[in-house]
Amino acid sequence: MTHRLIIHSPGTSITIDSDNIDKLNTLSDFCKKNLEAYHASENFEELTIDALNRKKTSELYSMIHQLGL
């Protein structure tokens with residue numbers, strides 16, 4: 001079964017689909033802890049990040065790459 005995580009940030013959205021829910025949960029936890037992401041709606045598949053500078057963007061994409069997503 002394919003699961004989805006959508007990350008909204010100023011000016012863009014990233015949609016990640018994966019069969020591995022553990023990897024998506026790891027990415028979600030990373031975003032909450034390190035990028036101050038939060039659920040703006042009741043949809044647990046969507047996260048919002050209010051501010052994303054160059055360093056945080058690099059951290060996000062590095063984590064996505066490390067997880068193989």
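Bear in mind that the values here come from a model prediction, so they are computed numbers and not experimental data.
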Problem set entry | Euclidean distance, Leu47 CG relative to Ile6 CD1, rounded to 0.5 Å | 9.5 Å
Exercise. Does Leu67 offer a backbone N or O that forms a donor-acceptor pair with the side chain of Lys23 under 3.5 Å?
Worked result: yes
Problem set entry | Point-to-point distance, once rounded to the nearest 0.5 Å, from CD of Glu59 to CG of Asn53 | 8.0 Å
Seminar exercise, completed: The reported gap from OG1 in Thr26 to CE in Met63 (rounded to nearest 0.5 angstrom) is 7.5 Å
Exercise. Which heavy atom in His3 sits nearest to a heavy atom in Met1, and how many Å separate them?
Worked result: CD2-O, 3.4 Å
Exercise. Can you name the nearest heavy-atom pair linking Leu52 to Ile49, along with the distance?
Worked result: CD1-CG2, 4.0 Å
For this session: Supply the atom-to-atom distance Asp19 CG to Leu24 CG, rounded to the nearest 0.5 angstrom.
Result: 9.5 Å
Exercise. Under a 4.5 Å side-chain heavy-atom rule over Ile, Leu, Val, Met, Phe, Trp and Tyr, are Tyr61 and Leu35 clustered together?
Worked result: yes
Exercise. Of all heavy-atom pairs between Leu60 and Phe30, which one has the smallest distance, and what is that distance?
Worked result: CA-CE2, 4.1 Å
Exercise. How would you list all residue pairs meeting side-chain hydrogen bond (donor to acceptor under 3.5 Å, both in side chains) that involve residues 31-40, not counting sequence neighbours?
Worked result: Lys32-His39, Tyr38-Asp50
For this session: Can you measure from CG (Leu69) to OG (Ser18) and round to the nearest 0.5 angstrom?
Result: 5.0 Å
For this session: Identify the heavy atoms of Ser13 and His8 that sit nearest to each other, and give their distance.
Result: OG-ND1, 2.7 Å
